[in-house]
Amino acid sequence: MELRAEPLAGPHPSGSARPPQRQRVARAAARRRVGAYSTVVTAAGLAWLVLAAPAAARVAGRDPGPVLLLTALVLAAELMPLELGRPGARDSTTMSQPFAFALVLGWGTPAGLVALGACSALADLAGGKAARKVRFNSAQLAIALGTAGVVYGLAGGPPGPSGPARVSLPAFAAAALAFFVVNNLLVEAVLVLAGSSPALDRVRQGVGLRAWVSAMLLGMAPVVTVVAQTSLGLVPILGLTTAAVYLACRGAIRADRERARAEAEAEQAQAAAAEQARLVEGEQALIRQLQESDRLKRDLLATVSHELKTPLTVILGTLGTLSRRGAALDPAERREFVDMAVRQGTRLKELIEQLLLAARFEQTSGEPAERPLVDAAALARDALAAARVAHPGRELVLVAGEPLPVLAAPEAVLQVLGNLLDNAAKYAPGLGPVRLEATRYGPLAVLAVEDTGPGVPRADRERVFERFTQLDSGATRRAGGVGLGLYIARRLASDQGGELLATDPTPPSAGARFELRLPLAARAARPLLANAASRR
């Protein structure tokens with residue numbers, strides 16, 4: 001068996017992702033390396049052939065029958081190569097090995113070397129290969145078989161015919177191994193220099209198949225030698241047997257190719273099915289997302305239309321009453337109508353601001369705003385003072401002690417606390433108390449708002465922060481709004497590097513408790529603490 005040096009045709013090195021100029025330079029360098037190597041191998045192999053030719057001619061003159069018959073079988077086998085067809089390679093094998101080795105074992109190394117080299121050249125010329133390929137393949141096989149012959153002689157094999165055939169099996173095994181190694185190394189060197197495939201990868205891909213086929217074919221060589229030296233008439237029978245092996249090998253190779261093609265097609269089908277499943281899943285997810293978006297839009301329109309309609313109706317009714325009966329109303333009644341319109345106008349303004357702020361959260365990139373050093377406890381006092389104005393008569397309790405230095409935008413913290421206090425005032429029964437705590441908990445400043453209302457069930461403590469979510473969303477709900485207050489508050493808390501959570505209330509309260517947790521700024525706290533102490 002030989003491995004044809006097909007990469008000598010000028011393979012392109014791997015690296016198609018390179019820039020064109022670098023790719024051309026790499027290809028040129030690979031061609032130079034392969035050209036220099038092939039020149040050396042060709043010169044050495046052809047020189048060995050020339051030197052061996054006289055000795056081979058003398059052997060053929062002394063014993064023309066078996067030498068010519070074995071040479072004819074070598075040529076026939078060379079004309080019928082078996083393409084192994086491994087991925088990324090152009091390897092081929094022939095059935096000429098047993099006959100060429102028989103010449104080496106029975107009639108000396110020159111006879112086998114010249115026969116294999118010449119027959120390889122004739123087969124390549126008949127196949128229309130380029131002259132440089134013809135020369136290289138012939139020289140490569142001459143070097144490999146010549147090395148095997150030298151090893152056979154050094155290992156104790158008897159040279160040339162001397163009566164009945166005598167073959168040293170240990171020496172033959174060493175020679176066969178030498179042929180296999182040298183033949184493969186000569187071809188792999190070409191492929192590595194051409195940059196077509198890493199050597200280790202190629203060895204892993206094909207060494208098992210090549211070693212098995214070589215062992216099978218070379219194992220026939222001693223039998224062919226004995227038969228050729230004892231009964232020349234049986235040699236054609238060996239040729240027919242070799243042809244049967246050839247056909248069986250070709251069928252096995254074809255079956256292997258079909259199996260590999262079927263496996264590749266199955267893998268492609270599985271990959272296509274997986275990709276189709278992924279696309280279907282993506283489409284379904286998109287459909288669900290669009291459906292959810294449509295549902296949110298419907299909920300938004302329904303909620304907004306209801307919530308905006310109520311204050312607008314009150315404002316228009318109040319203004320209509322003042323327009324029609326303003327002169328008949330006493331000053332106290334007129335003031336009451338004006339205050340009612342102002343309250344409803346304020347409520348309408350707050351609803352619109354919440355909608356705009358929620359829309360801004362969905363459109364912005366989420367870049368953190370500037371966060372100065374502030375006292376969270378002082379901000380809690382300011383938020384409670386504003387709540388007392390907005391909710392007169394409501395019992396509002398502040399629990400705040402030491403300063404709580406944090407890095408946060410004051411207006412954002414005030415808006416979060418304002419939303420939480422407004423929410424607590426809506427749900428606390430009657431004028432029940434609302435509690436605001438400003439405490440330190442480890443590395444955190446915790447601003448907690450707690451009421452005595454119905455509370456938030458554990459299962460809904462995350463859902464209440466979603467857009468347009470109201471737990472008492474029925475027609476009998478006590479408080480107005482579009483369900484954006486807690487959503488906005490959590491987004492503002494996140495923008496300040498903190499978090500907003502619904503937690504368990506403090507006994508004996510059974511209402512809702514919301515905690516705004518902000519990291520304490522311990523390193524920058526000294527000036528703030530000093531200022532707070534001086535104000536006391």
Side-chain angles (χ1 to χ4, degrees), residues 303 306-307 310-311 314 339-340 342-344 346-351 353-354 376-377 379-401 412-439 441 445-490 492-493 499-517:
T303 305
H306 173 75
E307 296 299 333
T310 300
V314 174
D339 291 343
M340 185 184 302
V342 170
R343 286 195 301 272
Q344 295 301 321
T346 302
R347 179 184 171 191
L348 181 61
K349 174 177 175 291
E350 291 174 351
L351 291 173
E353 287 178 346
Q354 284 188 345
L379 294 177
R381 285 189 285 269
D382 294 341
L384 196 73
R388 287 196 175 101
V389 175
H391 305 284
R394 171 74 63 180
E395 182 182 354
L396 300 174
V397 181
L398 175 66
V399 179
V413 176
L414 289 174
Q415 185 167 352
V416 173
L417 295 178
N419 285 7
L420 296 179
L421 289 168
D422 288 343
N423 206 54
K426 290 178 183 178
Y427 289 97
L431 295 177
V434 173
R435 180 184 177 93
L436 174 58
E437 297 178 3
T439 58
Y441 186 77
V446 178
L447 306 179
V449 176
E450 191 170 4
D451 61 53
T452 56
V456 180
R458 285 181 177 272
D460 295 322
R461 288 184 180 176
E462 279 299 313
R463 192 168 68 87
V464 294
F465 294 105
E466 297 177 0
R467 294 175 299 172
F468 313 121
T469 298
Q470 300 179 78
L471 298 185
D472 58 341
S473 57
T476 61
R477 60 194 178 97
R478 294 169 294 170
V482 292
L484 289 173
L486 292 177
Y487 166 76
I488 292 172
R490 171 168 275 193
L492 289 171
E499 58 179 348
L500 180 61
L501 302 172
T503 62
D504 293 329
T506 305
S509 171
R513 179 181 174 89
F514 292 91
E515 292 184 359
L516 171 61
R517 300 176 180 179

If you compare all heavy atoms of [X] against all heavy atoms of [Y], which two are closest, and at what distance to 0.1 Å?
X	Y	answer
Ala383	Leu414	N-CD2, 3.9 Å
Val434	Ala425	CG2-N, 4.3 Å
Ala448	Glu515	CB-CG, 3.8 Å
Ala377	Ala438	CA-CB, 4.0 Å

Under the side-chain contact (heavy atoms from CB on, under 4.5 Å) rule, collect the residues that match up with Leu398, sequence neighbours excluded.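 If we apply the side-chain contact (heavy atoms from CB on, under 4.5 Å) test to Leu398, skipping adjacent residues, the hits are Ala380, Arg381, Leu384, Ala400, Leu436.
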If I take atom [atom1] from residue [X] and atom [atom2] from residue [Y], how far apart are they, to the nearest 0.5 angstrom?
X	Y	atom1	atom2	answer
Leu492	Leu516	CG	CG	9.5 Å
Asp451	Tyr427	CG	OH	10.0 Å
Asp422	Leu417	CG	CG	11.0 Å

For residues [X] and [Y], determine if any side-chain heavy atom of one lies less than 4.5 Å from a side-chain heavy atom of the other.
X	Y	value
Val416	Leu447	no
Leu421	Arg394	no
Arg490	Leu501	yes
Asp504	Arg461	yes
Leu486	Leu420	yes

Evaluate side-chain contact (heavy atoms from CB on, under 4.5 Å) for Arg435 paired with Thr452, printing each intermediate quantity in order. CA-CA 9 Å; Arg435 180 184 177 93; Thr452 56; over 6 Å; no
Answer yes or no: is there a donor N or O on one side and an acceptor on the other, between the side chain of Arg388 and the main chain of Leu396, under 3.5 Å? yes
Is there a side-chain contact (heavy atoms from CB on, under 4.5 Å) between Arg517 and Thr503? Walk through the geometry before answering. CA-CA 12 Å; Arg517 300 176 180 179; Thr503 62; 4.0 Å; yes
Apply side-chain hydrogen bond (donor to acceptor under 3.5 Å, both in side chains) to Asp339 and list each qualifying residue two or more places apart in sequence or on a separate chain. none
